[in-house]
2 protein chains.
Amino acid sequence: MPKTGSKPPAAPHAAVTMRDVAREAGVSVGTVSRVVNKNPAVKARIREQVQAAIARTGWQPNAVAQSMRTASTKTIGCVLPDIGNPLFAAIAKSAEEELRRHGYAFILANSNGDADHEMELLTLLLQRRVDGLLFAPSDEYDPRMTGIVRGTRVPTVLVERELPEECDHVVSDQRNGVRQAADHLISLGHRRIALVTGEPKIRPGRERYRGFAEAFESAGLPIDPALLRLESLTVAYAYQEVHRLMALKEPPTGIIMGGNMMLTGALRAFALKGVRVPQDVSVVAVGDTDLAELASPPITAVRWNLEAMGREAAVALINRVAAGGAAAPPEPQHVILPTEIVLRRSCAIKS
Amino acid sequence: MPKTGSKPPAAPHAAVTMRDVAREAGVSVGTVSRVVNKNPAVKARIREQVQAAIARTGWQPNAVAQSMRTASTKTIGCVLPDIGNPLFAAIAKSAEEELRRHGYAFILANSNGDADHEMELLTLLLQRRVDGLLFAPSDEYDPRMTGIVRGTRVPTVLVERELPEECDHVVSDQRNGVRQAADHLISLGHRRIALVTGEPKIRPGRERYRGFAEAFESAGLPIDPALLRLESLTVAYAYQEVHRLMALKEPPTGIIMGGNMMLTGALRAFALKGVRVPQDVSVVAVGDTDLAELASPPITAVRWNLEAMGREAAVALINRVAAGGAAAPPEPQHVILPTEIVLRRSCAIKS
DNA sequence: CTGTTAGCGCATTCAG
DNA sequence: CTGAATGCGCTAACAG
């Protein structure tokens with residue numbers, strides 16, 4: 001078979017490399033590299049030759065080799081408790097979008113709120129040399145976690161969590177949100193108000209309780225500790241504790257569900273027991289969802305901009321990474337997104 | 001200052017490498033590599049020395065270099081339409097979990113159902129040399145997409161999509177699900193039944209219509225084309241079309257919302273117009289959600305195991321990747337997960 | 001303006 | 001059983 005002008009498109013898929021392109025174009029690998037990296041110091045004619053050769057060979061740059069050489073992976077690692085929670089799904093989605101617009105890939109991992117597992121994930125991501133970390137730790141006081149975050153040179157941005165001395169963070173103003181929720185119920189005449197939310201080991205747990213306490217304090221009212229359920233953010237916990245709360249001799253007349261998933265548990269408990277909202281109990285959800293909007297009655301809820309959280313976190317990360325430890329402000333940057341309360345029909349005047 | 005036995009933990013963070021560990025342990029890099037890779041042909045004593053040196057230096061293997069050398073990234077790329085949709089969030093979550101258990105990292109990207117964007121994402125992931133692809137294309141007939149999938153050597157598993165000749169896939173039996181939904185409404189005496197779902201360019205759109213048609217055919221009933229709305233899976237489309245449907249001179253007496261997000265749109269439309277379920281219209285949702293369960297009345301829904309979808313897809317991928325083009329069955333493997341209908345209180349007998 | 005070359009950090013021959 | 005040497009694919013000096 002006589003040799004024709006152009007070779008077949010490389011061997012049966014023996015991973016075509018830059019060298020193949022160079023040979024095909026009759027130039028050196030350095031020149032191919034320059035064309036790829038848009039170095040302007042390449043003559044137009046040569047550039048075209050190279051581009052043609054790239055097209056002919058079907059070569060695609062090997063990002064692994066590029067990372068090896070440049071010590072930058074253009075990859076962000078993201079560790080969240082649970083992407084199945086619409087809250088984190090929304091944050092991950094908008095963060096991923098913003099990051100990709102800037103050329104970063106997005107490695108996602110779920111910790112399930114398990115600190116041990118979380119350590120493994122962080123280690124894994126660091127070994128993969130991610131350029132930055134988007135992170136919502138399960139326990140802000142875990143010394144292993146703080147050790148890693150402090151020890152690494154990889155820029156880290158926290159979402160809905162804080163390590164104020166160490167990291168940038170993007171959080172929502174849960175304190176004010178719950179404060180408004182409690183104020184609202186108090187203004188309706190409620191005095192026995194329950195708060196069910198997560199532990200103080202993460203920021204939302206602390207801030208929600210704080211907002212709750214502020215509302216009572218400024219109203220000159222005492223908090224009944226029997227109505228505080230501060231142990232978990234899960235649906236199951238919400239279900240169980242609402243159930244118990246409503247079985248009290250003196251049940252609360254108002255309940256604040258301090259967690260995105262928790263309204264589900266509360267509504268399940270109400271359905272089971274035939275509790276009517278708002279006749280039997282007034283409810284405020286923290287975290288607005290389809291369910292809050294479309295339940296009967298629609299549930300008053302505290303909301304904030306999740307899409308902005310992800311985006312802001314991504315922007316913060318990009319700034320840090322781009323600054324490369326250089327021009328970046330040495331002090332951690334903290335952004336706090338506002339919350340607002342959406343009044344619906346789940347809260348009645350205390351009779 | 002006299003030299004003490006152990007050096008300071010490397011320079012102020014000059015990325016410690018295997019070479020540093022080797023020097024510290026007084027062995028060669030080859031030996032360090034063997035220890036790390038658990039090569040048994042290393043004397044216990046040396047192994048311990050090396051491990052001590054690793055601990056002392058704080059060295060972490062550089063996964064980028066490993067990938068470069070081994071031509072395997074232990075990374076799976078995942079392109080889904082929208083991680084904000086709980087359906088895909090659940091799939092991504094369980095897939096990620098299974099993959100990580102097998103040592104794979106998980107790069108996630110949202111296509112937003114945009115085919116152009118999708119091409120870029122695929123290209124990006126391929127350049128990053130992912131070991132496999134978990135993918136839900138926006139349009140099964142897009143020739144650019146099929147070209148890439150066919151052309152690459154990277155194993156690809158589709159979820160809720162099919163390219164039966166090219167790829168493994170994991171899908172749910174939407175045809176049967178909608179068939180059951182329609183059968184149910186028909187058995188209740190309904191004849192004017194609307195179906196609102198997505199386009200036939202992706203499997204769920206095709207299969208849902210097929211199940212719908214089967215039910216009518218086997219009941220010997222005609223389909224009124226005016227009640228078919230087959231153009232999109234979005235909340236906005238659901239809202240708009242339900243609105244229009246209920247404004248018809250002869251509105252449907254039953255509606256099947258053929259898409260996970262679509263019940264939200266339907267309930268919004270009902271709320272706005274004061275349409276009562278099931279007095280004014282009976283409703284079946286395809287895709288079970290908190291909203292379907294907890295709405296008033298609770299909505300009859302078709303459901304399937306999302307967690308299994310993600311897991312099965314991950315397993316299929318792992319098998320392909322591990323087989324490395326070798327022992328894997330050459331024919332694509334197809335798994336179809338069953339659906340079931342959950343009867344609730346949203347469907348009434350046609351008066 | 002383009003070619004040549006030296007590594008990036010590691011796994012893996014091949015010697016010894 | 002361990003050390004030395006090679007190269008994965010690419011970028012960035014440096015020469016010319």
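Values in this document were obtained by computation on a predicted structure and should not be read as measured data. Heavy atoms only: backbone and side chains are in, while hydrogens, waters and symmetry mates are out. Proteins come first, then strands; the chains are lettered A, B, ... in the order of their sequence lines, and each starts at number 1.
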Given atom [atom1] of [X] and atom [atom2] of [N], what is their separation to the nearest angstrom?
X       : N      : atom1 : atom2 : value
A:Met18 : C:dT4  : CE    : P     : 15 Å
B:Arg19 : D:dA5  : CZ    : P     : 11 Å
A:Asp20 : D:dC8  : CG    : C1'   : 14 Å
A:Arg23 : D:dG9  : CZ    : P     : 12 Å
A:Ile46 : C:dG3  : CD1   : C1'   : 11 Å
B:Gln66 : D:dG7  : CD    : C1'   : 16 Å
B:Trp59 : C:dG9  : CH2   : P     : 12 Å
A:Asn37 : D:dA13 : CG    : C1'   : 14 Å

Does the side chain of B:Thr31 get closer than 4.0 angstrom to OP1 or OP2 of D:dG3 through an N or O atom?
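For D:dG3, OP1/OP2 do have a side-chain N/O of B:Thr31 under 4.0 Å.
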
Does the side chain of B:Ser28 get closer than 4.0 angstrom to OP1 or OP2 of D:dG3 through an N or O atom?
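Yes.
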
Polar-atom pairs under 3.5 Å, protein N or O versus N or O of nucleotides 14-16 of chain D: list them with distances, or write none.
none

Is it true that [X] and [Y] make a salt bridge, defined as a side-chain N closer than 4.0 Å to a carboxylate O?
X        : Y        : result
B:Arg144 : B:Asp116 : yes
B:Glu96  : B:Lys93  : no
B:Glu166 : B:Arg150 : yes
B:Glu98  : B:Arg101 : yes

Just wondering, do B:Met145 and B:Asp139 contact through their side chains at under 4.5 Å, heavy atoms?
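No - every pair of side-chain heavy atoms lies 4.5 Å or more apart.
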
Using side-chain heavy atoms (C-beta onward) and a distance below 4.5 Å, is B:Met119 in contact with B:Ile148?
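A side-chain contact exists here, since the closest heavy-atom pair is under 4.5 Å.
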
Could you pull out all residues at least two apart from B:His102 that satisfy ring-ring contact (aromatic ring centres under 6.0 Å, His included)?
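With neighbours one apart ignored, the set is empty.
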
B:Val27 side chain: which of C:dT2, D:dG3, C:dC10 is closest?
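The closest nucleotide is D:dG3.
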
Give the nucleotide from the list C:dG9, C:dC10, D:dC10 with an atom nearest to the side chain of B:Met68.
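The listed nucleotide nearest to B:Met68's side chain is C:dG9.
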
Nearest heavy atom decides the nucleotide; on that basis, is B:Thr70 or B:Ala41 closer to the 5' end of DNA chain D?
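First, find each residue's nearest nucleotide; the 5'-ward one identifies B:Ala41.
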
Start with the C-alpha distance between A:Asp131 and A:Thr73, add both sets of side-chain angles, then the distance that settles side-chain contact (heavy atoms from CB on, under 4.5 Å), and finish with yes or no.
CA-CA 6 Å; A:Asp131 291 346; A:Thr73 53; 3.3 Å; yes

Would you say B:Thr57 and B:Glu24 are linked by a side-chain donor-acceptor pair, where the criterion is simply a distance under 3.5 Å?
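Short answer, no.
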
Using a cut-off of 4.0 Å on non-hydrogen atoms, how would the nucleic acid contact of A:Val64 be classed: base, sugar-phosphate, or nothing?
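It contacts nothing in the nucleic acid.
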
Heavy-atom contacts under 4.0 Å between residues 119-130 of chain A and DNA chain C, which residues?
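Contacts with DNA chain C under 4.0 Å: none.
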
